[in-house]
Each structure stands twice: as C-alpha cells, then as structure tokens.
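These notes concern the structure reproduced below.
In this text the structure is predicted, and so the values were computed from the model without any measurement. If you read the sequence from its start, that first residue is 1, and numbering goes on from there. Whatever order the structure lists them in is the order used to number ligands and atoms, beginning at 1.
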Amino acid sequence: MKLSHRIEMLTGGGSDGWDIFRKARAMVASGIDVTELTIGEHDRRTEPEILEAMHASAMGGHTGYAALPGTDSLRDTVAARVAERTGVPTTRHNVVVVPGGQAGLFAAHVAACDPGDDALFIDPYYATYPGTIRGAGAVPVPVAAHAERGFQPEARELEAVAAGASSLLINSPNNPTGVVYTRDTLENILRVVRANDLWLISDEVYDTQVWDGTHLSPRQLSGGAENTLVIGSLSKSHAMTGSRLGWIVGPEDAIEHIINLTTHTTYGVPGFVQDAGEFALTAGQTLEDRIAAPFRRRHKAAKAQLAGHGIRFVPSDASMYLMADIRPTGLSGDAFAARLLEERHIAVMPGESFGQAAAGHLRIALTVDDVRLHTALDRLADFYFSLTRTAA
Ligand code: PMP
C-alpha cells in the first residue's frame with residue numbers, strides 16, 4: 001500500500017546520523033564495554049521526590065483525561081517561572097502544555113507554516129529538526145552558522161533566505177555545539193525575523209544548563225514577544241526525559257490555536273505527569289542545581305582536559321555536550337567516530353549528524369560518571385594523536 005510522500009521522506013531519505021548510536025548499543029548488547037557519549041540522556045534518573053509526587057497524584061485519581069491545554073495550576077506555574085526568568089509579563093493564556101519539547105517543535109511549525117512554506121533553521125542543528133519541519137508539511141531550509149564565527153548565526157546569511165519564508169527555528173543554548181547566542185546575535189536574528197514577518201521558534205530546552213553567564217530568550221528583547229514561540233521542557237532541567245513534559249510560550253491567539261491542535265493530536269498530557277512537573281518546578285533552585293551539577297562540573301573538566309592535550313574544541317559555556325574539532329586529523333567526523341568506536345570502544349556523535357556546518361567535529365555527551373569520562377577523553381586524545389602523527 002502506498003504511503004504518503006510526507007512520511008516516506010520524513011528523514012530526508014539518507015542516513016539519519018544515528019548509525020553510531022545504534023552500533024554502540026549493539027556492541028553493548030553483545031557484551032563489549034563501550035563508553036557511550038552519544039545521546040543527551042542524564043546518567044541519573046528522575047529524582048525520587050518528583051516520582052513520589054507523580055505517584056501521589058496518580059493514587060489521588062489524576063489518571064483520567066487531563067485538561068487539554070495543561071492544568072490551570074501547571075500553566076500558572078510555567079507562566080510565573082517564565083516571567084521571573086525573563087521579566088516578560090506572562091500568564092497561563094500564553095502557555096500550552098505539550099508532551100515534551102519535541103511535540104512542541106512540531107506543533108509550533110504546524111502553527112507557523114502552511115504546507116510547502118520555507119521553514120528556516122540553523123545548521124548545526126538538533127537531529128530531529130528537518131524531519132519535524134517536513135512532518136509539519138513545510139520545507140526545511142538550513143542556514144549555516146560557521147565554526148570560524150563560534151557557530152553564532154549571522155544576519156547576512158539569514159537575510160539571503162528570509163524573504164518569503166514563514167519561520168526560523170533557533171536553539172540557544174545550542175545542541176550540538178554548547179554555544180550560547182550573544183545578545184548581539186539574538187538582536188540581529190530578531191531584526192531579520194521582524195523585517196520578514198517570520199515566526200521565531202526558539203528552542204530553549206537547555207535554558208538551565210548555562211554554566212557561565214545567564215540565559216537570554218529572544219522573547220525578552222524589544223518586540224520579541226509578538227513573534228516568538230518558545231519551546232520549553234522538563235527533560236533536561238529536571239532529568240525527566242521519559243515523562244514527556246514540555247510547553248510552548250507565545251502570543252495568546254497563537255497559543256489558543258495550538259491548544260486546538262492538541263485536541264486533534266496528543267489530547268493532552270497525563271495529569272499525574274503534569275502534577276509531578278508542577279512539583280518539580282516549584283521545588284526550588286536546590287533541586288535544579290543538584291540535577292545540573294554533574295554537567296557543570298564535567299563541562300569544565302572536559303574543556304581543561306582537551307585543552308591540556310592540545311585538542312581544539314568549540315568554545316562554549318553551556319549544555320551537557322562539548323564539541324571537539326578533529327579536522328587536523330584529516331578525517332571526517334563520521335570516519336573518526338566510526339573508527340573510535342571500532343578501535344577504542346568509545347561512542348560519540350559525528351558532527352555531520354547535526355548538519356554540514358559541524359563537519360569535522362564530534363559531539364561528546366558528558367553523560368557518564370566523571371572517572372569514566374576522564375578515561376574516555378584520554379583514550380580519545382590518544383587515538384586523535386595516533387592519527388595526526390600519521391597525517392603529519
Ligand atoms: N530540542 C533540543 C535541542 C534537544 O536536544 C531535545 C532533546 N534532546 C529536544 C528539543 C526534545 O526534548 P524533549 O522532547 O525531551 O523535551
């Protein structure tokens with residue numbers, strides 16, 4: 001039976017970049033001791049007190065269909081948090097709760113784009129972006145941010161493709177680079193977005209993983225709130241990846257329409273998950289700091305370790321990832337990562353799986369304990385130098 005072109009072409013037809021991840025999992029299953037530094041999954045599970053709140057809610061009966069836009073109290077909690085962190089007045093009418101940031105990305109593109117519209121996104125990008133855009137019926141148009149510019153997007157590159165497009169998707173702090181966009185970058189982006197009547201879809205799921213400086217949302221820049229749909233999630237901030245809880249924050253009329261969309265897609269998020277999320281968001285800074293602490297520590301240590309070895313990396317101050325620049329070896333990120341897995345049993349993501357702008361780089365997820373990470377980076381460095389010696 002024939003399937004739709006849209007679904008058959010969702011991943012663009014080629015490799016989806018996850019070969020290394022799958023191969024590493026198969027090696028682990030066959031008993032090989034692989035250090036997996038691939039996906040952005042915390043090495044600690046959801047905190048027990050969050051799970052207790054989830055349990056209490058479920059036992060209390062919150063197991064039926066939940067309020068579709070999100071419970072009033074969770075929407076109020078998200079609105080208050082966003083208002084406090086950004087200074088932008090925000091109410092529950094600016095918030096719709098969705099089952100994870102990924103569902104938010106999809107819904108935001110359905111809201112912003114008609115079928116066949118151009119939807120811009122910055123390369124390097126989180127691996128699902130092009131497929132999400134295609135799934136929403138729009139046409140993904142990558143806009144390169146360059147290694148030489150610290151992966152900060154440039155206005156002139158955006159201006160070249162913005163006319164006639166419907167949306168621009170950005171992600172700061174960035175996956176895969178760990179880079180935080182400067183105020184200048186965000187102001188330039190917003191200027192192009194407003195001049196061309198684009199929706200700015202701002203993926204801020206790493207907003208609590210800024211290790212130096214503070215998070216800045218384009219929604220808090222002058223005029224930004226009118227054009228911006230912010231994607232938020234508890235996956236990274238509260239180690240709740242499996243709970244599937246996120247939100248979109250935006251102008252009231254857009255949110256109203258997205259709520260209408262949820263009626264026809266997800267039909268809401270389980271009430272006990274929403275209650276656990278509300279508990280997590282109101283539990284205070286100490287809990288968030290506890291969850292963030294390992295990545296803050298490892299990010300700093302990994303930078304020092306690579307610098308000590310003389311391996312270049314993308315200067316960054318955020319996220320649970322670090323990007324190494326392996327161009328001096330003469331290998332592509334794909335080839336380096338394949339051989340690193342085969343010969344040294346370390347799995348990292350090739351830069352190419354996040355777009356062509358990150359070619360010749362590796363994304364290292366800092367998601368194993370400190371000692372194991374340290375050993376893996378030493379082995380990676382050893383492999384790197386075995387190649388540069390051959391290349392020289
Ligand atoms: N955006 C980015 C940049 C991500 O890295 C991820 C998950 N790795 C997501 C969105 C989706 O997160 P979730 O659906 O778990 O909230």
In residues 94-105, what donor-acceptor pairs under 3.5 Å come from side-chain atoms, sequence neighbours left out?
residue : atom : partner : partner atom : Å
Asn94   : OD1  : Thr91   : N            : 2.9
Asn94   : ND2  : Gly250  : O            : 3.0
Gln102  : OE1  : Thr128  : OG1          : 2.8
Gln102  : NE2  : Thr132  : OG1          : 2.9

### Query
Any ion pair linking Arg22 and Asp19 (charged N to carboxylate O, less than 4.0 Å)?
yes

### Task
Apply the salt bridge (Lys or Arg N to Asp or Glu O under 4.0 Å) test between Arg372 and each candidate in Asp378, Asp33, Asp43; give the one that qualifies.
Asp33

### Task
Could you find the nearest protein heavy atom to atom 11 (C) of ligand 1 and give me its residue, atom name and distance?
Gln102 N, 3.8 Å

### Query
Ser233 heavy atoms, cut-off 4.0 Å: which ligand 1 atoms fall inside?
13 (P), 16 (O)

### Polar proximity ligand 1 side, Tyr206 side, N/O cut 3.5 Å exclusive
yes

### Task
Starting at OG of Ser353, measure out to NE2 of His361 and round the result to the nearest 0.5 Å.
13.0 Å

## Note on the structure
for atom 15 (O) of ligand 1, nearest protein heavy atom and its distance come out as Ser235 OG, 2.6 Å

### Summary
the protein heavy atom lying closest to atom 9 (C) of ligand 1 turns out to be Tyr126 CE2, 3.6 Å

### Task
Can you sort out which atoms of ligand 1 are near Val205, meaning under 4.0 Å from one of its heavy atoms?
1 (N), 2 (C), 4 (C), 10 (C)

### Task
Could you list which atoms of ligand 1 come closer than 4.0 Å to a heavy atom of Asn171?
3 (C)

### Task
Verify side-chain contact (heavy atoms from CB on, under 4.5 Å) between Arg344 and Ser386, making sure each step is shown before the conclusion.
CA-CA 12 Å; Arg344 307 292 168 110; Ser386 74; 4.1 Å; yes

### Query
How close does the nearest protein non-hydrogen atom get to atom 1 (N) of ligand 1, and which residue and atom is it?
Asp203 OD2, 2.5 Å

### Message
Could you tell me, atom by atom, which parts of ligand 1 come under 4.0 Å of a heavy atom of Gly100?
### Response
14 (O), 16 (O)

### Task
Do me a favour and list the nearest non-hydrogen protein atom to atom 8 (N) of ligand 1 with residue, atom name and distance?
Lys236 NZ, 3.0 Å

### Query
So Arg85 and Thr208, side-chain contact (heavy atoms from CB on, under 4.5 Å) or not? Walk me through it.
CA-CA 10 Å; Arg85 288 174 67 91; Thr208 63; 4.1 Å; yes

### Polar atom proximity, Asn175 to ligand 1 (N or O, under 3.5 Å)
yes

### Summary
Residue, atom and distance of the protein heavy atom nearest atom 14 (O) of ligand 1 read Arg244 NH2, 2.7 Å

### Task
Output all residues satisfying ring pair (Phe, Tyr, Trp, His ring centres under 6.0 Å) with His42, sequence neighbours left out; order by chain, then residue number.
Phe295

### Exam field: side chain Thr86 to backbone Val88, donor-acceptor pair closer than 3.5 Å
yes

